[in-house]
*Asks:* 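The structure follows.
Along the sequence shown, residues are numbered consecutively beginning with 1.
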Amino acid sequence: MTLYIGCEASKIWKRICAETSSEINLLLDNWKYILAGVIFQYVHGLAARGVHYLHRPGPTLQDLGFFILPELGQHKAYISETVFSFVFLSFFLWTFHPFIFKVKKFHTVLIWCRVLAFLVASQTLRIFTFYFTQLPGPNYHCRAGSKLARLPEPDSVLEVLLINFPQGAIYGCGDLIFSSHMIFTLVFVLTYQKYGTRRTNGSYPLLLPLSAKDKDNKTKEENPKLLNGNSLTLQIGGREVKAMARFWKTAMQTRWILQ
């Protein structure tokens with residue numbers, strides 16, 4: 001039993017070392033995208049903090065969801081943050097599972113490049129929406145009478161740039177229209193559905209870069225190959241030349257008619 005555990009531990013350690021080396025090489029090629037995505041998270045928080053200065057409390061807008069789902073209550077607000085934290089941490093840990101498990105469907109660096117790209121696009125649209133359409137916040141700390149409903153004018157630019165983290169991120173007002181928590185949750189869930197479920201093997205391309213050898217083998221297997229039944233891919237002098245199959249079919253029919 002001890003020998004078996006030792007062998008498995010050795011295999012896991014070798015896998016971790018191999019994955020670390022591979023991920024470092026990918027990180028060296030894609031670190032700019034990762035850094036840009038992380039920096040934009042601060043920009044998004046700064047924009048949400050800025051709209052809080054413009055927020056004005058008012059009557060809560062009527063919404064069907066508020067009638068169907070009862071409020072948790074002011075003393076149970078932690079439930080929402082707890083659920084979101086669980087989803088975030090679960091997804092974060094899942095993206096590192098190739099370091100331990102044998103199943104290989106993606107590289108951690110590449111999956112985070114894609115996730116951050118979707119987050120940046122969604123958050124950019126969100127910033128535009130809550131600055132163009134400002135609604136009174138329905139949360140307890142955004143209602144009339146709360147000290148956090150309206151922020152006093154900042155004394156300096158530094159006060160705005162620091163965004164009063166983490167309270168400024170948790171007790172924000174005015175950044176409505178669609179939820180930042182929902183953006184993260186949907187991106188994480190859809191990413192897991194695409195790359196984490198078993199049906200990924202046959203229905204979606206994997207996030208794995210091809211080596212030069214793999215590309216050559218793939219080229220040999222696919223040449224010549226009909227693409228969508230309309231085009232033909234040929235390998236001539238290392239370049240792909242695509243000829244339309246319909247053209248050849250028409251040419252052959254014309255030749256048969258002339259004969």
Side-chain angles (χ1 to χ4, degrees), residues 34 37-97 108 111-112 114-131 133-152 154 159-193 196:
I34 299 290
V38 173
I39 291 177
F40 192 84
Q41 300 310 304
Y42 168 75
V43 175
H44 175 255
L46 186 63
R49 181 65 174 178
V51 79
H52 194 168
Y53 287 100
L54 304 177
H55 176 259
R56 296 295 181 267
T60 304
L61 299 180
Q62 299 297 320
D63 188 274
L64 183 61
F66 287 98
F67 294 103
I68 297 176
L69 299 176
E71 295 183 1
L72 294 175
Q74 190 172 3
H75 300 291
K76 296 182 180 179
Y78 67 91
I79 296 179
S80 175
E81 296 299 327
T82 302
V83 172
F84 175 74
S85 299
F86 173 77
V87 173
F88 184 90
L89 292 176
S90 298
F91 180 82
F92 181 81
L93 294 176
W94 170 76
T95 59
F96 287 89
H97 85 271
T108 302
I111 201 74
W112 275 107
R114 178 162 293 189
V115 167
L116 288 172
F118 275 93
L119 288 177
V120 168
S122 301
Q123 291 169 340
T124 300
L125 294 176
R126 182 173 187 264
I127 292 172
F128 281 112
T129 55
F130 64 61
Y131 268 101
T133 304
Q134 300 172 18
L135 300 175
N139 214 329
Y140 294 103
H141 61 270
C142 298
R143 298 178 182 179
S146 174
K147 296 180 179 180
L148 298 175
R150 297 185 62 176
L151 295 180
E159 181 180 347
V160 179
L161 296 178
L162 293 178
I163 66 176
N164 192 23
F165 187 83
Q167 291 184 353
I170 298 175
Y171 297 102
C173 297
D175 54 335
L176 299 175
I177 307 301
F178 55 98
S179 169
S180 177
H181 287 56
M182 187 56 65
I183 291 176
F184 279 93
T185 302
L186 282 177
V187 171
F188 291 167
V189 171
L190 293 176
T191 302
Y192 176 78
Q193 183 185 16

*Asks:* Which heavy atom in Pro57 sits nearest to a heavy atom in Cys142, and how many Å separate them?
*Replies:*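 Closest pair (atom of Pro57, atom of Cys142, distance): CB-O, 3.5 Å.
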*Asks:* Thr95 side chain to Phe92 main-chain N or O, any donor-acceptor pair under 3.5 Å?
*Replies:* yes
*Asks:* For Tyr53, is the OH atom crowded, meaning more than 12 foreign heavy atoms sit under 6.0 Å from it?
*Replies:*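 More than 12 within 6.0 Å, yes.
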*Asks:* Leu125 and Phe178: which non-hydrogen atoms are nearest, and at how many Å?
*Replies:* C-CZ, 4.0 Å
*Asks:* Which value, rounded to the nearest 0.5 Å, describes the distance between Tyr171 atom OH and Leu151 atom CG?
*Replies:*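 Output value for this atom pair is 14.0 Å.
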*Asks:* What are the two closest non-hydrogen atoms of Thr191 and Trp94, and how far apart are they?
*Replies:*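 In terms of heavy atoms, the two residues are closest at O-CH2, 4.2 Å.
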*Asks:* Working to the nearest 0.5 angstrom, can you tell me the gap between Ile183 CD1 and Gln123 CD?
*Replies:*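 Separation between the atoms: 6.0 Å.
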*Asks:* Within the distance-only criterion (no hydrogens, no angle test), does the side chain of His141 pair as donor or acceptor with the backbone N or O of Gly172 below 3.5 angstrom?
*Replies:*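 Yes: the side chain of His141 pairs with the backbone of Gly172.
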*Asks:* Using modelled atom types and a 3.5 Å cut-off, is there a donor and acceptor pairing between side-chain atoms of His181 and backbone atoms of Glu81?
*Replies:*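 No; zero donor-acceptor contacts below 3.5 Å.
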*Asks:* For Pro59 and Pro136, which heavy atoms make the closest approach, and how far apart are they?
*Replies:* O-CG, 3.6 Å
*Asks:* Any chance you could lay out the side chain to side chain contact (heavy atoms under 4.5 Å, CB included) test for Phe40 and Thr124, step after step, and finish with the verdict?
*Replies:* CA-CA 9 Å; Phe40 192 84; Thr124 300; 3.2 Å; yes
*Asks:* Return the CD to SG distance between Gln134 and Cys173, rounded to the nearest 0.5 Å.
*Replies:*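 If I round to the nearest 0.5 Å, the distance is 12.0 Å.
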*Asks:* Quickly, which of Trp112, Phe86, Phe184 forms a ring pair (Phe, Tyr, Trp, His ring centres under 6.0 Å) with Phe91? Name it, please.
*Replies:* Trp112
*Asks:* Looking at Tyr42 and Leu161, would you say the former's side chain and the latter's main chain have a donor-acceptor pair under 3.5 Å?
*Replies:*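 Yes; judged by distance alone, with no hydrogens or angles, the pair exists.
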*Asks:* Measure the CG-NE2 distance between Leu176 and His55 for me, rounded to the nearest 0.5 Å.
*Replies:*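 Answer rounded to 0.5 Å: 7.0 Å.
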*Asks:* Tell me if the CZ atom of Phe118 is crowded by more than 12 foreign heavy atoms within 6.0 Å.
*Replies:* no
*Asks:* Working to the nearest 0.5 Å, report the span between OG1 of Thr60 and CG of Asn139.
*Replies:*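 With rounding to 0.5 Å, OG1 (Thr60) is 10.0 Å from CG (Asn139).
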*Asks:* With rounding to the nearest 0.5 Å, note down the distance linking CZ in Arg126 to NE2 in His44.
*Replies:*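 So the gap between those two atoms works out to 4.0 Å.
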*Asks:* Mind listing the closest non-hydrogen atom pair of Asp175 and Ala48 along with its distance?
*Replies:* OD2-CB, 3.9 Å
